[in-house]
Structure formats: structure tokens, C-alpha cells
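One structure below.
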Amino acid sequence: MRSPGTFLLLLLPAVLAFKPSDFKTCSQSGFCRRGRALAERSQELSSWHSPYSIEPPELSPHQPGFTTNVHSSVYPNVKFVLDVIIHEEGIVRVRMDEENGLRKRYNEATQWALIGEPLLSDDVFWTVDSKKAKAVYGPKKDMELVIDFNPLKITLFRGGVEQVVLNGRGLLHMEHFRTKEDSKLVEHIEGEGQSVLQVNSAAWFEGDTQDAFWDETFSSWTDTKPKGPESLSLDITFPNHAHVYGIPQHATNLSLPSTTGPTARYTDPFRLYNSDVFEYLADSPTSLYGSIPLMHAHSATSTVAVFNAIASETWIDIAHVKGGVETHWISESGILDVFLLPGPTPTDVFTQYAHLTGTAPLPAHWSLGYHQCRWNYVSSDDVRGVQDRFDEDDFPVDVFWLDIEYAEDHKYFMWNKKTFPDPVEMTKDVEAVERKMVIIVDPHLKRSNDYPVYKRASELEVLVKPKNGEGEYEGWCWPGSSSWIDFFHPGSWDFWISLFKTDTIDGQWSWTESTNNVGIWNDMNEPSVFNGPEITMPKDNIHYGGWEHRDVHNINGMLFANLTFQAAEARTDPPRRPFVLTRAFYAGSQRFGAMWTGDNLGTWEHMAVGIKMVLANGVGGMPFAGSDVGGFFGNPEPEMLVRWYVVGAFSPFFRAHAHIDTKRREPYLLEEPYKSLVRDILRLRYSMLPVWYTAFRETSENGVPILRPQYIMFPEDEAGFGIDDQFYVGSSGLLVKPVTEKGVKEVSVYIAEDQVYYDYFTNQPHRPKNRQITLPANLDQIPLLIRGGSIIPTRERPRRSSPLMKHDPFTLRIALDTSGNARGEVYLDDGETYGYGRGDVVWRGFGAESTKGKGKGTGTMRISSVDLAVRTQVGAYDPKNEFARSVGDVRVEKLVVLGLGKKPLSVILEGGSELEWEFASKDGAGVLVIKDPAVRVVDDWAVVVKLE
Ligand code: NOJ
């Protein structure tokens, strides 16, 4: 019989579903209402034009940019200043601020987001006339930046074609700081005029209601807005581009739908305001845990992007119109600081953005393995028991996670000794088989003087302050009454770093009951505050430097992960690569670890949208991403769980996690055949770790995402621009389309090119028909293809954890293209240290080249391995470096050649003898298996296949 408690739990999902009333809509947010009203007025009034103009700049032709004054005809006495600068790679930066205003606008977002000041361009040529300034630049001199003076409008052209237009619709508005008295005066004067809508009056432009200028109430909270109105609105139009992508995080399509106009899919704009959204919807523009204000615009001939470096709450309206996409960005506070990334291809845009905000560093290799998490493994013995069960049933796993219940009274770092009496021994038991633990450390600190972390932070006065700027802000979170470290305060940095030391320094408290290998999970860092407005901090809270929380909200969580990353790295000397998982993020967060998509539901819709969200995060420069396998809430049926493991196995970050109220669902608990299916999926992931790690190397260099949707792979193929349910893995040539619906037996994979693709499991070649390849997709089948022309390196020995694979041999699947050629690569290093920066790497390129002989069907194919590190000169590279020597025993044990038309005459190791091989052919599709070519992965070698 069910206990009343169980009955209640069963009711929970229905009762506690997403509550729209917890979060504002645009119409409940004063500045968003004002911004949208401005856009509406602009369409209704024929007299509409932007009131902003600039003074013609004084410029010498080769300057990278200029600074000039901006005037608003609505507020002639208010001063603004504009900077337009052209940087290397043709990136344009446009900044506007109020000059000598009543207060200072927040101008530090780029200090946290960028990796440094971008370099100035030295190939610009300016001309100025009475109406506009024009810069011509770029290697082909085909880029043009035109700044119209009155009204102010900024247009980026490539090859004479408009790419991006700022303020083309006249919606730029920087609400200047004013006093309450001044604002009343304006109201009064305008009210006395003949018409409140007199052109160029404040009421004509700003509306005559002074809507929510001085305070604003939502539900039971009042935002006191002591600084009054200070919002910033800007229209950004992408003429000649039909698709826009990016601005994570939203549960929506990769190609962003309209939010306004006749084609609108949603009634609200997309919102960027880091939020802890309970049971979020699988199709919605509401804000989620992270915010990256980067948008790509794409067409068959061009990609451009805009990075709007703003940290306050921002709403973005999108309208797909004839000839392009119109967007309107409405932010609550801050200066205007917009970067235009000129493209012209998706790859160029990724590289340009990476040069601004950095790339995801090479992660610790073990973090690409499988992560087993649950809220909660409840004791040391529970952890040991789970590990034993994984081993008994031969499931590979690298990481066991501990959620908040390890911590006594939710005081992070402090073990509950009743349940975890021996934390270091437990961790070492996990580490003994080369596995790791990841342990949660949340940002809220229990306000209790017996908690050394809170006590010290309080003594150092580095906690976020309430609105009067005095004392400590107090809110409610897991531990009850809590306070939050203000990571903007430099005084908190060394303190935070010292906490993670596993030895004691200067008598200060540190986490001696931990090990240097432990990874850290930073959750709830939006920040989540259970009794705060919209489940977060009041906007009028005060941070270091006197900034209000509203100014820095979207950056706040990134700083927490940044400091945790530094702390975890500082545990050892020399440092090792830390692993940090964060829920909240901002532009630049990719430098500090992985993210996941938060509290998804165990539904097919959530499984499907999780893929789109991970793709969108890749567009936002944050490739190390995944969603909770199985769904956080609910009890997925076995079929769903198996399919979800496939989604996880093809995500850069692969973790199963579950809510405290769910039934246990570790894979060993499954019945057959599901149990064996999941084991096979885990083994598949492990066999492909070389592919994943090689893909991470590439993204760490150029910022191109690991999961690549069609528009990135085939930027000219329009039919692929809206596809977001299949993707390629890095440059490997693997193409996967996970099944995200119940009862599926077959799928159709979209193929943009006339190329042969091979089924990964059966080796069967497919040529697309009507751009589709149809594959069987029963529960034991994964629609996974190898693109002809690719070489896939795998390691196929099943192991318990990834470090145990270090000396395992490689298999190369050589998938010939229609011309009989293929290429691939593998990157290896110690997976732990920063030795790769000193050249301690093995980076091999593989090639297969076919040469035709004189007679029909004759010729040779040469399969070879070359050193890529030598060519690109990684650090002080020596092919006999320490790491290479340590893997000198690693062999290539098998070559599998797909797509060979005929049985070979012979297969010879160049400079050596005939090798053992087998050839099988079915319906003209030949597979040649070369067994043990007796070559080492660190060496140059070649195998020659002679054809009849
Ligand atoms: C919220 C997180 O999103 C979830 O993953 C975690 O289990 C709970 N917090 C408890 O820490």
C-alpha cells in the first residue's frame, strides 16, 4: 500500500509545474514595456526618426576609429559620447555612454567577458563628408563601415551588401540619468504644449506616462530603483540574412523564431536574465540559467554576428521580415558596447568571437567520460556501493557526483559526518580505480558563526550588501537563512582560492577533507534565492564598487565559476586542469568549464530540446555542454532512458542526474535488454573518446563548436539552416541523429552533399536520395553515419574508466569518399596537466590517397600517418617528447577501409612486409580489414594497398 507520503510525491509534478507567475513577462517589466512601446510608436508615427545625431568626427584617414559627441534632439542638454573603433579581423566596436551624467552607467561587462583589449586594426581608410563617415578595410578592401550623422545610423557592408545596421529603425535610446524633480518638469512642460506628441518632445519619444521610472512592484516585491530610468534600447537589423542563431539560453529552436510581427511564434521577446526556473517549458522564450548576448545572422552567402556586451536583464524581439531579420534589444542598464563580427563564414565568426572572449580550454580527459550523479548518493557506503555495482555489471564510468546532502546543514565543504564519516577515504576508494569525484559547492552561505566559510567572509566584509549598502544581504536558500559572497569584490578572491587547499595555510580553514582531484559543481549561481523576486536577488542589492545587482546580474554566476576554477587549479603546483560545472553563465564562461541545461523533465520534448540547447550553447562559444540524461524530474520509462543515453553519449558533457524524489535509475538497475543496450552505449562513448578529445583540441584553438549543426557544416545549403535535430561531431565526419520520440523504428537523416556516407555499425555505404538517407532506428540501433572522406580513430577495449585506456591500441575506420580518399586526425596528451603547452603531445594526421593505375580498376591506395604537431609547431615541440615516450607502446591494431570497390592484390607496410588482411564485399560495397599493421601511433608509417 502507498504511504500518504508517496501519494504526495506522485502528485508533486502536477502541482509544482512551471509557474509563469514566478517570472515577469515583458509587460510586467517596466523598461521592457517602455522599449516595446517605443517600437510600437515608431511604427505608428509617420514623423518617426531617431532623435540621436553625432557631430562629424575629426579623423585622419588611417585612424582605427574615432570618438565624437552625440546629441539627442529630445534632450538637448544631455551629453552622450560615441566611440567607433575597428579592430583586427575587421571587428567593429561601437560604444556609447552618457557624459558627465548624474551618475555613472555600468561599464565593466567587457572587463569580465573579454580576454583582453582587442587589437586595433591598421588597415582602415576613412573618408568623411558632411553627412557621413566611411571606413574601407579588410584584406580584400571589401568591408565598409558607414556612419550616418543625422539621424545616427551605423551600417556594415561587405562587397557592397548591407550586413548589419544599428539604429536603422530609430529605436536607439539611452535613458539618461535624471532626478525625480527633473522628470516631473519634463512631464509638466510637455503636458502644457499643444500636443504631447509634438515631434522631438520627450513624450513623443519616451511616451508620456513615465512608466515605472522610479519604482516597480512585481508580486510582493518592490524594486526601489533609486537611480530611476536608465534602460538602453537598440535595434539591430540583419538585411539579407534569413536566419538568426544564438543568445542562449532558451528552450527553443536553434534557428530563432519571431517574437513579434505576423510570423511571431511567441508573444514575449527572448529574455536574458539568469534564472532558476522550476520545471521550465520545453518551448519558450523565457530566460533560463545563463545568458550569452551573442547572435549570429546567416544566409547562403554570409554569416555575421553581434556581441552586445551587456550584463543587465535584456529582452530581444526578433522579426523575420522580407529581406532579413529585424531585432530589438532592450536592456535595463549599462553602457552601449556592441561588437560587430564581420564573418563572412560561420567559422570566421567563431574565431572572431574566440579572439574576444577566449575559448574553452582543453578539459581534463577524464571529464569526457561518463558522469554518474543523483540528488543524492546519501553516504560514503552508498558511493562505494554504486561504484561496486558499476564494476560488477561492467559499465564504464569515470565520475561519481555528490549533491548538496553530503554537507552538514547545507554548509558546503563541511561533511555530514553521520553519513560521510570518512570522506577522504571514500574519495580515495573512487580514485583507486582511476575515477574521480565531483562535489557540489553552491554560492549561498549559511549564516551561522559555526560555519568557518561564512564567518570569514563576514569578517572580510565581502558579502553582497542589501539596498542601503550596509551590512549583509540575507535571503533564503537550501541552508535556510543565507548570504552570498560578492565575487566582484577583489577581497574575496584569495579567500575563495584558499578554501580549496587540501592542506592548511596560515591557520585558516581550508578543505583538508578533500583531495586535489575532486571536481567542483557550482549550482544555483544565477543566483537562486528562494524568497527573492523572480527567485533571485533584489536588483537594488549592492555589489563592490557601488554597482547595483541589476547592473551585474548576468555576470554574477560566471564570476563564481571563474573563481572556483582558479581555486581548483591552484590546489597543486604545477597546476592541473580543473573541472568545474556551472549552471549560470555569461559570455566568456567557456573559459571556466562545462555547463548543463539545468532541471529538465524526463519527457521526450525535453530530450529533444536539450539537443537544440546544447547546439545553441556551442553557437554562444560554450561547447562543453550537456543535459541531464534521463531528465532531472520524473521517472523515465526504460525506452526513453536508453534513447537519452544516446543523446548523452553524443553530448560533449555526458552526465546522468536525477531529482531527490525520483526512483533510483543507475543503468545497472535496468532489466534486459535495456541494461545491455545502455552498456553498449557507454562503451561506444568510451571507444570514441579519441574523437571527442581531438574535437576539444580544435575548439580550444578556434572556438568552432564541437557539435556542429548543418549551417556550420554546410553554410551555403539553405535547406539545412533550420535543422537542429542532427549534428556532426567536430571535424571528425561523424553525423548522428539521436532518436527523441517514442516507438521510432526508422529515421531520415538530411545530407547536404552528394557524398557517400557509411553506417557506423554495419559499414553499409549509403548515397543520399533526395538529400535523405533512411536508416533503421530500433531501440538497439543508433543512426550514426561516417561521412565519406573521414578517418575515425577509436579505442575498442572495454575498460572501467578512461585513464585505464591510456595504453590501449587504436582502430582506424577509413571511410573513403567518392574519389577514394579520406583524412582524419587524433590528438593525445597526458589529459591532466598543462604539459601540452610545452609540446608534450602526440597529434597525428591520417590520410588515405588513391592513385589510379593504367588498367581499369587498377591502382594503389596509400594509408599514412604524419605528425601534425611538427607542422603547426605546438610549443617547443619535439616528436620524442616525454608524453610521446610514455605512450610509445601504443599500437594501431586495426585498419578498416570502407568503400573499396575491389579485393586488393596485396597490402604491404611500406618498407616492410605483407600484412594480414581480409576483404568482404556485399552488393559492390567492400570492406577491407587490415589486422595488426604493427605500427605505433607515435610514428610516421604508410600502408600500401595494391588493387588489381
Ligand atoms: C538544482 C540543480 O539544478 C539540480 O541539478 C540539483 O540536484 C539541485 N539543485 C540540488 O542541488
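Given the structure is predicted, the values throughout are model-derived calculations rather than measurements. All heavy atoms count here, side chains included; hydrogens, waters and symmetry mates do not. Counting starts at 1 for both ligands and their atoms, following the listed order.
Not a single heavy atom of W401 sits under 4.0 Å from any atom of ligand 1. Contact annotation: Y289 has no heavy atom less than 4.0 Å from any atom of ligand 1.
When non-hydrogen atoms are compared, ligand 1 lies under 4.0 Å from neither the backbone nor the side chain of I660. In F278, neither the side chain nor the backbone holds a heavy atom less than 4.0 Å from any atom of ligand 1. Contacts between H659 and ligand 1 below 4.0 angstrom, taking non-hydrogen atoms only, are absent altogether.
Classification of the W511-F500 ring pair by plane angle, with boundaries at 30° and 60°, yields perpendicular.
A cation-pi arrangement, defined by a distance under 6.0 Å to the six-membered ring centre and an angle within 45 degrees of its axis, is absent between K24 and Y273. Cation-pi contact between R456 and W509: absent, since separation from the ring centre below 6.0 Å together with deviation from the ring axis within 45° is not met.
With respect to E313 and R550, no salt bridge is recorded, no charged nitrogen being found less than 4.0 Å from a carboxylate O. Using a cutoff of 4.0 Å between basic side-chain nitrogens and carboxylate oxygens, D486 and K465 are not scored as salt-bridged. D628 and R655 are joined by a salt bridge, as a carboxylate oxygen and a charged side-chain nitrogen come within less than 4.0 angstrom of each other. A salt bridge between E408 and K417 is absent, with no side-chain N of the basic residue lying under 4.0 Å from a carboxylate O of the acidic one. Ion pairing between R664 and D382 holds under the 4.0 Å rule for side-chain N and carboxylate O.
Between the choices D403, T597, N600, the shortest heavy-atom distance to atom 11 (O) of ligand 1 belongs to D403.
The distance criterion of under 3.5 Å between nitrogen or oxygen atoms is met by D599 with respect to ligand 1. Between D523 and ligand 1, at least one pair of N/O atoms sits closer than 3.5 Å. Close N/O approach between W596 and ligand 1 is not found [any backbone or side-chain N/O within under 3.5 Å]. Between H657 and ligand 1, at least one pair of N/O atoms sits closer than 3.5 Å. Checked against a 3.5 angstrom limit, the closest N/O atoms of R583 and ligand 1 fall inside it.
When each atom of ligand 1 is checked for a heavy atom of I440 under 4.0 Å away, the hits are 11 (O).
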